[in-house]
Amino acid sequence: MPPGRSSRPPSEESPTRWVLHVDLDEFIAAVEVRRRPELAGLPVVVGGRGDPTERGVVATASYEARAYGVGSAMPLRTAARRLPPEAVFLPVDKPAYEDASEEVMAVLRSFPVRVEVLGWDEAFLGADLSDEAVPEALARSVQEAVLASTRLHCSVGIGDNKLQAKIATGFGKPRGIGRLTTDRWFEVMGDRPTTALWGIGAKTARRLADLGITTVAGLAAADTAMLAEALGPTMGPWFRRLGRGVDSSPVDPTPWVPRAHGRETTFQTDLTDWDAVASEARRLAGLVAEDLAAEGRPAARVGVKVRYAPFETRQRSLTLPEPSGSAEVIAEAACRLLERLDHDRRVRLLGVRAEMSPPAP
DNA sequence: TCTGGGGTCCTAGGACCC
DNA sequence: TCTGGGGTCCTAGGACCC
C-alpha cells in the first residue's frame with residue numbers, strides 16, 4: 001500500500017497483464033468456527049481476551065454478528081450491548097490464525113503465479129503477459145482450491161493492477177468475484193468518496209475536502225503541484241495516482257523482512273504507580289528481545305509508547321550506541337526513555353518496540 | 001461507543017558536518 | 001559579519017492498514 005513499496009524503478013517490474021487479490025471472508029471468525037462447528041450460524045466475535053466486559057476491540061465479527069451492526073475495531077463492550085445473548089465472544093488466538101494463513105498461502109502458491117502476501121488473510125496473485133490463464137477462471141479455481149483444502153471461503157478481486165484488484169474484492173464479498181479495470185475505473189469509482197481508495201482514510205479525506213476535493217474523480221482531476229504543496233511531495237502526487245486508478249507497483253513475492261517488532265499492553269485499570277510502569281516495561285522488553293532472537297537480528301533503535309488516560313499518546317525513542325539483541329539492554333533503554341515522560345499521570349497503555357537495522361545485502 | 005495490537009511509511013525540524 | 005547551501009542522521013508525531 002504505502003508509496004515506498006510502490007515506487008520501484010520500472011526496470012524491476014515484470015509486465016503484468018492482470019492482478020488478482022484474494023481475501024479470506026471473515027477470516028478469524030471462520031477459523032474459529034472451523035474448529036468449533038457448533039458455533040456455525042451464531043453471531044461470533046473474536047477480540048481481546050474474549051471477555052466483553054474488558055477493555056478490548058473486535059478483531060473480526062462473523063457475518064451473523066455484522067447483521068447487528070458489529071464490526072472490526074468496535075469496543076467489545078459496545079458489541080456486547082448490540083448482540084443477542086446467544087452471541088459468542090472468543091479470545092484472539094494468534095498461532096491458530098498464523099497456521100491457517102500458512103495453509104491458505106500454500107494453496108495460493110500451488111498456482112502458476114507470483115504470490116505477494118499482505119497479511120494473514122490477503123494476497124496478490126500476479127501473472128506475466130506471456131501467461132495464458134483467464135483471470136475469471138483462475139479466480140474461480142483459487143476459490144475452489146482454497147475451500148477444498150482449508151474449508152475457508154474467500155473473495156477475489158480482478159484488476160489491471162494491485163490497487164484495482166484490492167478494491168474489486170470488496171465488490172465480490174462474500175464468496176464472490178469482483179472486477180475493476182482501467183476501462184471502467186471512472187464509471188465505477190468516479191462518484192465515490194475519496195475514502196473508497198486504498199490508502200485514503202478519514203483524516204486525509206478531510207484534508208482533501210478542505211481543498212474542495214470530495215470524490216475520486218475530483219482527486220483525479222486535481223492539480224499535482226497543488227496536491228504536493230498541500231499534502232507533501234510524495235503523498236500528494238501519490239494520492240492523485242490513486243484517484244486515477246494508477247498503480248505500477250509489481251506483485252512482489254519476495255519474503256517480507258520485518259523492520260521492527262513491538263509489544264504493547266492496554267491495562268484493564270490505568271496504572272498510577274510508576275514503579276509498576278517500569279517493571280511492565282522490562283517485561284515487554286523481554287518479549288521484544290524474544291521476537292528479535294527468533295529472527296537473529298539485533299535492535300538498532302528502541303522506543304517506548306505511553307498512552308495517558310484518557311487517551312493521549314507520547315512516544316520516545318533512541319538509537320543504541322551499537323546494535324544489541326540483549327533483553328537487558330533493551331529494558332535499560334526503555335526505562336531511560338520512560339524517565340523523559342510525565343510520571344504523575346495515569347497510564348492506560350505501555351509499549352516497547354525495537355527497530356532493526358536493514359539486513360546486510 | 002470511550003477507543004487493541006501488530007505493523008508500515010512519510011514529514012518536518014534540529015543537529016551536525018562540509 | 002548576522003549570513004550560504006547541501007546532505008545525513010536523529011527524533012517525534014501522524015496517517016494508514018489488517
Side-chain angles (χ1 to χ4, degrees), chain A residues 1-7 21 23-24 26-28 45-52 54-60 69-83 91-92 94 97-98 101 117-123 163 166 169 194-195 197-208 228-239 242 249 256-268 270 284 287-288 291 300-321 337 340-341 348-357:
Chain A
M1 182 282 299
R5 297 202 76 195
S6 311
S7 54
H21 176 255
D23 193 328
L24 278 287
E26 48 171 6
F27 175 65
I28 289 175
V45 171
V46 184
R49 297 194 290 197
D51 180 346
E54 286 191 351
R55 281 178 172 171
V57 298
V58 176
T60 299
V70 170
S72 295
M74 174 182 286
L76 292 177
R77 288 170 183 161
T78 307
R81 215 170 306 131
R82 294 193 180 189
L83 289 168
V92 171
K94 207 171 132 186
Y97 316 138
E98 287 167 345
S101 179
V117 177
L118 261 189
W120 284 343
D121 63 340
E122 281 182 54
L163 169 66
K166 167 81 182 176
T169 302
T194 53
T195 49
L197 296 166
W198 184 40
I200 296 191
K203 297 286 173 65
T204 301
R206 201 172 314 136
R207 293 179 70 186
L208 289 170
E229 174 67 29
L231 299 164
T234 302
M235 302 304 281
W238 181 59
F239 291 140
L242 290 183
S249 65
W256 183 249
V257 179
R259 274 75 164 158
H261 287 296
R263 292 298 188 98
E264 60 185 60
T265 324
T266 294
F267 305 111
Q268 288 305 320
D270 300 336
L284 293 170
L287 296 174
V288 169
D291 293 341
R301 291 176 53 79
V302 174
V304 296
K305 172 157 110 180
V306 169
R307 179 122 72 207
Y308 293 112
F311 204 79
E312 209 182 303
T313 308
R314 292 283 178 272
Q315 303 197 61
R316 293 293 179 270
S317 61
L318 60 77
T319 302
L320 293 174
L337 291 165
R340 290 159 47 184
L341 289 162
R348 173 189 174 92
L349 169 149
L350 178 66
V352 174
R353 56 183 270 111
E355 292 172 33
M356 293 89 84
S357 322

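Chain A is the first sequence line, chain B the second, and so forth, proteins listed ahead of strands; every chain is numbered from 1. Worth knowing before you read on, the calculation uses all heavy atoms, side chains too, and leaves out hydrogens, waters and symmetry mates.
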**Q.** Results of salt bridge (charged side-chain N to carboxylate O under 4.0 Å, His left out) for A:Arg263 - residues two or more places apart only
**A.** A:Asp291

Q. Just wondering, are more than 12 heavy atoms of other shown residues or ligands nearer than 6.0 Å to CD in A:Gln268?
A. yes

Q) Of all the choices, B:dT8, B:dG6, C:dC16, which nucleotide is nearest to the side chain of A:Arg259 once you look at every atom? A) B:dT8

Q: Check the angle between the aromatic planes of A:Phe27 and A:Trp120 and answer parallel, tilted or perpendicular using the 30° and 60° thresholds.
A: tilted

Q.
Counting only side-chain heavy atoms from C-beta out, which of C:dC16, C:dC18, B:dT11 sits nearest to A:Lys166?
A. C:dC18

Q. When the distance from CD of A:Gln268 to P of B:dG4 is rounded to whole Å, what number comes out?
A. 10 Å

**Q.** Interatomic distance where CD belongs to A:Glu355 and P belongs to B:dG6 [whole Å]
**A.** 15 Å

Q) Using a cut-off of 4.0 Å on non-hydrogen atoms, how would the nucleic acid contact of A:Gly48 be classed: base, sugar-phosphate, or nothing? A) nothing

(Q) I want to check one thing: is the phosphate of B:dC2, taken as OP1 and OP2, less than 4.0 Å away from some side-chain N or O of A:Arg81? (A) yes

Q: Could you check A:Asp291 against A:Arg348 and say which one's nearest nucleotide on DNA chain B is further toward the 5' end?
A: A:Arg348

Q: Rounded off to whole Å, could you give me the CD-to-P distance for the A:Glu54 and B:dC2 pair?
A: 16 Å

Q) With a 4.0 Å cut-off on heavy atoms, is A:Arg82 in touch with a base, just the backbone sugar-phosphate, or nothing at all? A) nothing

Q) Whole Å only: how far is the CD1 atom of A:Ile200 from the P atom of C:dG14? A) 20 Å

**Q.** Neighbours of DNA chain B within residues 314-321 of chain A, by heavy-atom distance under 4.0 Å
**A.** none

Q.
I want to verify a distance call: between B:dT8, B:dG6, B:dT11, whose nearest atom is closest to the A:Thr234 side chain?
A. B:dT11

Q: Identify, between A:Ala59 and A:His261, the residue whose nearest nucleotide on DNA chain B lies closer to the 5' end.
A: A:Ala59

Q: Kindly point out which of C:dA12, C:dC16, B:dT3 is positioned nearest to the side chain of A:Val57?
A: B:dT3

Q.
If the cut-off is 4.0 Å, is A:Arg307 near the phosphate of B:dG4, judged by side-chain N/O to OP1 or OP2?
A. yes

Q.
What contact category does A:Lys305 fall into here, base, sugar-phosphate, or nothing, at under 4.0 angstrom with non-hydrogen atoms?
A. nothing

Q | Nucleotide nearest A:Thr78 (side chain, heavy atoms from C-beta), chosen from B:dG6, B:dT1, B:dG4 | A | B:dT1

Q: Take the protein atom CE of A:Met235 and the nucleotide atom P of C:dG14, then report the distance between them rounded to whole Å.
A: 15 Å

(Q) Over all strands shown, is A:Arg206 touching base, sugar-phosphate only, or nothing at heavy-atom distances under 4.0 angstrom? (A) nothing

**Q.** Rounded P spacing from C:dT3 to B:dC17 in Å
**A.** 23 Å

Q: Scan A:Leu349 against the nucleic acid and name what it touches under 4.0 Å (heavy atoms): base, sugar-phosphate only, or nothing.
A: sugar-phosphate

Q) Taking the six-membered ring for Trp, does A:Phe311 stack with B:dT3 (centroid gap under 5.5 Å, planes within less than 30°)? A) yes

Q | Test log, rule side chain to side chain contact (heavy atoms under 4.5 Å, CB included), inputs A:Thr266 and A:Arg348 | A | CA-CA 6 Å; A:Thr266 294; A:Arg348 173 189 174 92; 4.2 Å; yes

Q) Tell me: CZ of A:Arg55 to C1' of B:dT3, nearest whole Å? A) 10 Å

(Q) Considering every strand and a 4.0 Å limit on heavy-atom distances, what is the contact class for A:Ala260: base, sugar-phosphate, or nothing? (A) sugar-phosphate

Q) When all nucleic acid strands are considered with a 4.0 Å heavy-atom cut-off, which category describes A:Gly119: base, sugar-phosphate, or nothing? A) nothing

(Q) Within the 4.0 Å heavy-atom criterion, would you say A:Ala202 contacts the bases, only the backbone, or no part of the nucleic acid? (A) sugar-phosphate

Q) Hey, are the side chains of A:Val302 and A:Val288 touching, using non-hydrogen atoms and a 4.5 Å cut-off? A) no

Q.
Looking only at the side chain of A:Trp198 (C-beta and beyond, no hydrogens), which of the listed nucleotides C:dC18, C:dC16, B:dG4 gets closest?
A. C:dC18

Q. For the pair made of CG in A:Leu231 and C1' in C:dG14, what is the distance, rounded to whole Å?
A. 13 Å

**Q.** Phosphate-side-chain proximity, A:Thr266 and B:dG5, N/O vs OP1/OP2 below 4.0 Å
**A.** yes

Q: Give one of base, sugar-phosphate or nothing for A:Arg340, where a contact means two heavy atoms less than 4.0 Å apart.
A: sugar-phosphate

Q. So what does A:Pro233 touch, heavy atoms closer than 4.0 Å: a base, only the sugar-phosphate, or nothing?
A. sugar-phosphate

Q.
If a pair means Watson-Crick or G-U wobble with both distances below 3.5 Å, what does DNA chain B look like in dot-bracket form, with | marking bases paired to a different strand?
A. ....||||||||||||||

**Q.** Distance, rounded to the nearest Å, where A:Glu26 contributes CD and C:dC18 contributes P
**A.** 17 Å

Q: May I ask you to say what A:Thr265 touches in the nucleic acid, namely base, sugar-phosphate or nothing, with a heavy-atom cut-off under 4.0 Å?
A: sugar-phosphate

